[in-house]
Participant: 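Sharing a structure with you now.
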Amino acid sequence: MDGSLMVTKVKGNSTSTFGGDVDVTGNVITDAPAFSANIGSAQTVTAATWTKANFNTEEFDTNSCYNNSTYDFTPTVAGYYKVNIHMTFNGTSPAGVGIALYKNGSIHKYLSLITPSFGSGGILQNSCLIYLNGTTDYISAYGYCNASGTVQFSGGTTQSSFQAFLSRAV
């Protein structure tokens, strides 16, 4: 070493906080919640009813905020979360399919609601940004299908997924 000091600067303002430590390279190490889950096996859906999707297989859950038995994500850090929902529908002549993000048990946003041109199934995916208070707010993914026959949400890691991550803490 040449005796010089290394200086790391962190930009912010008088109210800035970080969810973790700053390492010696200047990278922020956060404890920001993030998860990804999929439907382990096909889930039969009641026609013309918004049905909570059983995303019961976690791929990762950084802060143990996702409950894979109630299928709810309840983050411990207040902020804005990017949410992604991807669902594959299989069934007989669906007349309309949709996915929605529920917040605290009620529809928050219809992410997709379409009358498909496919004959036996299809894929819907979308995302949104949502504020969650970090204590009591929780989100869930729901699907809808109006069909004359049996309809299922497809299972497996490539068929259906529900994900969220902290985009900005407040």
Participant: Quick check: is Leu124 connected to Val45 through a chain of hydrophobic side chains (ILVMFWY, heavy atoms under 4.5 Å apart)?
Facilitator: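 In one cluster: yes.
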
Participant: Between Asn68 and Glu58, is there a donor-acceptor pair closer than 3.5 Å when you use the side chain of the first and the backbone of the second?
Facilitator: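 Absent.
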
Participant: Search all heavy atoms of Phe153 against all heavy atoms of Gly143 and return the closest pair with its distance.
Facilitator: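 Closest approach of Phe153 to Gly143, heavy atoms only: CZ-CA, 3.5 Å.
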
Participant: Run the side-chain contact (heavy atoms from CB on, under 4.5 Å) test on Asn38 and Gln159 for me, step by step, so that the C-alpha distance in whole Å, both residues' side-chain angles and the decisive distance to 0.1 Å come before the verdict.
Facilitator: CA-CA 8 Å; Asn38 62 65; Gln159 298 296 308; over 6 Å; no

Participant: Which atom pair, heavy atoms only, marks the closest approach of Ala78 to Tyr131?
Facilitator: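 Nearest heavy atoms, Ala78 then Tyr131: CB-OH, 4.0 Å.
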
Participant: With side-chain contact (heavy atoms from CB on, under 4.5 Å) as the criterion, how do Ile130 and Leu132 come out once you've worked through the C-alpha distance, each side chain's angles and the decisive distance to 0.1 Å?
Facilitator: CA-CA 6 Å; Ile130 185 171; Leu132 300 170; 4.3 Å; yes

Participant: So how far is it from Tyr66 OH to Ser36 OG, rounded to the nearest 0.5 Å?
Facilitator: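 These two atoms lie 9.5 Å from each other.
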
Participant: Kindly say whether Ala34 contributes a backbone atom to a donor-acceptor pair with the side chain of Tyr81 at under 3.5 angstrom?
Facilitator: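 No, the answer is negative, given that no donor and acceptor are paired below the 3.5 Å cut-off.
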
Participant: Quick one: does Ser160's side chain have a donor or acceptor within less than 3.5 Å of a partner on Thr88's backbone?
Facilitator: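 Yes, because the side chain of Ser160 sits within donor-acceptor range (under 3.5 Å) of the backbone of Thr88.
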
Participant: Between Leu129 and Ser167, is any pair of side-chain heavy atoms under 4.5 Å apart?
Facilitator: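 They are in side-chain contact.
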
Participant: With Tyr142 as reference, evaluate Tyr71, Trp50, Tyr102 under the ring pair (Phe, Tyr, Trp, His ring centres under 6.0 Å) test and give the passing residue.
Facilitator: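 Testing Tyr142 for a ring pair (Phe, Tyr, Trp, His ring centres under 6.0 Å) against Tyr71, Trp50, Tyr102 leaves exactly one candidate, Tyr102.
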
Participant: Roughly how far, to the nearest 0.5 Å, is OG of Ser69 from CG of Asn54?
Facilitator: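 Output value for this atom pair is 10.5 Å.
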
Participant: Could you measure the distance from the CG atom of Asn133 to the OG1 atom of Thr74? Nearest 0.5 Å is fine.
Facilitator: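 Answer for the CG-OG1 pair, Asn133 versus Thr74, is 9.5 Å.
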
Participant: Could you state the interatomic distance from CD1 (Ile39) to OG (Ser161), rounded to the nearest 0.5 Å?
Facilitator: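 If I round to the nearest 0.5 Å, the distance is 9.0 Å.
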
Participant: How close do Ala169 and Val77 get, heavy atom to heavy atom, and via which atoms?
Facilitator: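 Nearest pair, atom of Ala169 first, then Val77: CB-CG1, 4.1 Å.
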
Participant: Show the nearest heavy-atom pair for residues Ile85 and Ile99, with the distance to one decimal.
Facilitator: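 The answer is O-CD1, 3.8 Å.
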
Participant: Indicate yes or no for a side-chain donor-acceptor contact from Asn104 to the backbone of Tyr138 under 3.5 Å, with no hydrogens or angles considered.
Facilitator: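 At least one qualifying donor-acceptor pair exists.
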
Participant: Under the side-chain contact (heavy atoms from CB on, under 4.5 Å) rule, what do Tyr110 and Tyr144 come out as? Steps first, then yes or no, please.
Facilitator: CA-CA 10 Å; Tyr110 294 106; Tyr144 176 91; over 6 Å; no

Participant: Would you list the pairs meeting salt bridge (Lys or Arg N to Asp or Glu O under 4.0 Å) in which at least one residue belongs to residues 68-78, sequence neighbours left out?
Facilitator: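 Checked against salt bridge (Lys or Arg N to Asp or Glu O under 4.0 Å) - neighbours excluded - the pairs reaching residues 68-78 are Lys52-Asp72.
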
Participant: Can you measure from SG (Cys128) to CD1 (Ile139) and round to the nearest 0.5 angstrom?
Facilitator: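 Rounded to the nearest 0.5 Å, the SG-CD1 separation comes to 7.5 Å.
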
Participant: If the condition is ring-ring contact (aromatic ring centres under 6.0 Å, His included), which residues does Phe162 pass it with, not counting sequence neighbours?
Facilitator: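 ring-ring contact (aromatic ring centres under 6.0 Å, His included) check on Phe162 returns Phe35, Phe55.
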
Participant: Looking only at non-hydrogen atoms, find the nearest pair between Lys82 and Ser127 and report the distance.
Facilitator: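 Distance-wise, the nearest heavy atoms are NZ-OG, 3.2 Å.
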
Participant: Write down the atom of Gln43, the atom of Thr51, and the distance for their closest heavy-atom approach.
Facilitator: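 Heavy atoms of Gln43 and Thr51 come nearest at NE2-CG2, 3.6 Å.
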
Participant: To the nearest 0.5 Å, how far apart are CG in Leu101 and NE2 in His108?
Facilitator: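 One finds 6.0 Å between CG of Leu101 and NE2 of His108.
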
